[in-house]
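The structure appears below as structure tokens.
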Amino acid sequence: MNWNKRDTVRTVIILCGVVLFAYVLFNFDKVSSMFSWLINILMPFVIGFAIAFVVNVPMKGLEKVLFKNKDSRLYRFRRPVCLILSFLCIIAVLTFAITMIIPEMSKTITMFAEKLPLAMDDIQRKAIKLMKDQPEIVDKIKSININWDALISNVVGIVKNGGSSVLSSTFSIASSVVGAVVDVLVGLFFACYILAQKETLEKQVKGVLYAVFREEKADRFIQTCVLADKTFSKFISGQCLEACILGLMFFITMTIFRIPYALTVSIIIAVFALIPVVGAFVGCFAGTIMILVEDPKRAIVFLIIFVVLQQIEGNFIYPHVVGGSVGLPSIWVLVAVMLGGDMLGILGMLIFVPLFSVLYAMSEEYVVKRLRDKGISWRKYNLACNIPEGRWNGRLDEECASDVSNVDAGQTGTNESSAPGSTAGSGNSGKNNTSRNNTGRNNIERNNTGRNSNRNKNYKKRKK
């Protein structure tokens with residue numbers, strides 16, 4: 001058996017992987033503790049990177065709007081000014097949302113606890129009146145007697161018992177809270193340094209990549225990072241814009257129909273709408289409870305309004321605002337939300353949608369290149385998947401991009417030639433266009449065959 005350098009390296013990598021897997025399997029406790037220790041060390045930097053990524057979206061927009069003239073004397077102050085304004089805008093939005101939501105929610109819970117016994121008695125009286133012809137059912141309804149004083153005392157006892165256990169572990173809770181606050185503060189400083197010197201860091205990282213890896217691998221990694229950056233940025237901006245539009249729609253509609261808590265419920269729905277797919281329904285549940293305590297009939301009207309506005313938002317607003325920017329089909333959005341929610345909770349729901357979009361785009365790119373390598377026409381795949389125009393700008397090499405553009409042009413010509421003509425001359429021109437498109441496809445297939453034969457020859461030479 002002839003061994004070359006590549007086979008030797010591959011065998012060594014496989015043996016090292018097997019040894020590492022066996023070590024992790026037999027020392028799982030040590031590895032898990034080491035992994036958690038490493039996560040605790042890196043957590044401030046992870047938080048800082050996440051904060052920097054989120055704040056970078058409004059900061060870039062402010063720089064484009066406020067500092068258009070590069071020759072201005074104030075242009076050198078664009079970064080600190082826009083960075084401070086971005087943090088102030090985010091803090092103002094969060095403060096406004098919290099001050100509007102928390103007091104109203106606490107007030108609603110108090111009113112709900114006060115009105116619940118009266119509402120239950122009213123329901124019991126109406127049920128007895130409705131079932132007056134069924135004495136057995138009436139007796140069972142009358143036998144239902146809830147002792148609200150005993151229920152409240154039990155709840156208070158549970159709270160006291162829980163409070164004693166909480167007090168016994170006050171030191172551990174306080175230490176964890178202090179640790180979390182320290183991580184966030186360190187992450188904020190780290191985020192400020194990243195945003196202030198992001199161009200310098202970008203040049204340094206690119207220099208290290210090109211120095212360590214081959215040029216093709218470095219280009220591939222940089223292209224993937226650029227795609228991820230664009231996808232995540234568009235998702236964040238699109239999701240925020242969609243949440244604002246939805247909240248404004250609810251506020252206007254609820255004000256027109258004179259539904260109570262219009263502003264508070266609209267803010268709740270807008271905040272929860274940042275979570276894809278399921279967020280608006282969580283906001284609807286919270287808003288329904290608030291309105292139900294005040295006026296049950298208005299709560300039914302609110303549910304009808306929610307269904308109508310949700311259909312408008314899902315069919316017209318979301319596909320154009322968020323769906324187009326992410327480029328992910330609806331089925332994969334649902335899968336991303338479910339997996340992210342199970343693994344990381346609300347944070348996972350926010351992260352997994354753009355992450356799946358990046359993986360989806362990379363898988364499409366891989367399929368396109370494999371089709372080109374096998375000499376299969378791009379048309380077979382394009383007709384099945386309906387790839388949007390301009391998807392592969394800067395992502396494919398020149399040969400594959402020319403194949404895609406040529407076949408797309410041929411497909412456009414075929415569609416134009418298939419349009420019904422009013423005269424015989426238009427029919428003849430359609431036939432001529434079809435023959436030209438067929439000739440173009442044949443040329444593309446010959447080019448693909450020639451490229452494949454050249455690749456096979458080059459591969460055989462390398463093997464020799």
Side-chain angles (χ1 to χ4, degrees), residues 38-67 70 75-98 178-210 218 221-244 271 274-276 322 325-326 336 340 343-359 361:
L38 184 63
I39 289 177
N40 290 330
I41 292 177
L42 297 178
M43 184 56 67
F45 304 101
V46 174
I47 294 174
F49 184 78
I51 294 173
F53 193 87
V54 173
V55 177
N56 186 47
V57 176
M59 189 183 73
K60 289 192 298 184
L62 290 174
E63 287 181 353
K64 292 179 180 179
V65 174
L66 299 179
F67 296 92
K70 295 183 179 181
Y75 186 76
R76 59 180 179 176
F77 299 106
R78 73 189 190 283
R79 185 56 49 81
V81 171
C82 294
L83 180 60
I84 294 173
L85 289 177
S86 300
F87 274 110
L88 290 177
C89 290
I90 294 174
I91 292 172
V93 170
L94 293 177
T95 305
F96 178 73
I98 291 173
V178 171
V181 172
V182 171
D183 290 343
V184 172
L185 292 177
V186 175
L188 282 173
F189 285 107
F190 185 64
C192 292
Y193 278 109
I194 291 176
L195 294 172
Q197 302 177 357
K198 62 178 183 178
E199 289 83 4
T200 304
L201 292 175
E202 182 180 356
K203 293 179 182 178
Q204 292 174 352
V205 171
K206 284 184 178 180
V208 171
L209 288 174
Y210 284 114
F221 182 78
I222 291 172
Q223 288 176 355
T224 304
C225 291
V226 170
L227 176 63
D229 178 63
K230 290 182 178 179
T231 304
F232 274 80
S233 299
K234 290 181 179 178
F235 173 76
I236 292 173
S237 58
Q239 197 71 25
C240 292
L241 180 60
E242 186 264 343
C244 293
V271 171
L274 295 174
I275 304 172
V322 181
S325 61
V326 177
M343 296 178 64
L344 298 174
I346 296 176
L347 182 62
M349 293 181 182
L350 296 174
I351 293 176
F352 270 58
V353 173
L355 180 62
F356 264 59
S357 178
V358 174
L359 296 177

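The first residue of the sequence shown is numbered 1, and numbering continues consecutively from there. All values below were derived from every heavy atom in this structure, side-chain atoms included, with hydrogens, water molecules and symmetry-related copies excluded.
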Q | Sidechain-backbone polar pair: T231 side chain, A228 backbone, donor-acceptor under 3.5 Å | A | no
Q: Decide yes or no on side-chain contact (heavy atoms from CB on, under 4.5 Å) for K198 and N56, but give the supporting numbers first.
A: CA-CA 10 Å; K198 62 178 183 178; N56 186 47; 2.8 Å; yes
Q) Should F232 and F53 be marked as a ring-ring contact (aromatic ring centres under 6.0 Å, His included) after you check the CA-CA gap, both sets of side-chain angles, and the distance that decides it? A) CA-CA 9 Å; F232 274 80; F53 193 87; 5.7 Å; yes
(Q) To check you understand the geometry: which heavy-atom pair defines the closest contact between L274 and A243, and what is its length? (A) CD2-CB, 3.8 Å
(Q) Side chains of Q223 and L227, heavy atoms from C-beta outward: is any pair under 4.5 Å? (A) no
Q.
Could you tell me if the side chain of I222 sits less than 4.5 Å from the side chain of Y210, heavy atoms only?
A. yes
Q) What pair of heavy atoms forms the shortest contact from D183 to P44, and how long is it? A) OD1-CG, 3.3 Å
Q: Please check if atom CZ in F45 has more than 12 non-hydrogen atoms from other residues, nucleotides or ligands closer than 6.0 Å.
A: no
Mind listing the side-chain donor-acceptor pairs of residues 80-90 below 3.5 Å, one per line with the distance, residues two or more places apart or on another chain?
residue	atom	partner	partner atom	Å
S86	OG	M59	N	3.4
S86	OG	C82	O	2.7

Q: Check whether any side-chain heavy atom of R79 lies under 4.5 Å from a side-chain heavy atom of E63, and answer yes or no.
A: yes
Q) What heavy-atom pair brings L201 and I194 nearest, and what distance separates the two atoms? A) CD1-CA, 4.0 Å
Q | K60 atom NZ, over 12 foreign heavy atoms within 6.0 Å | A | yes
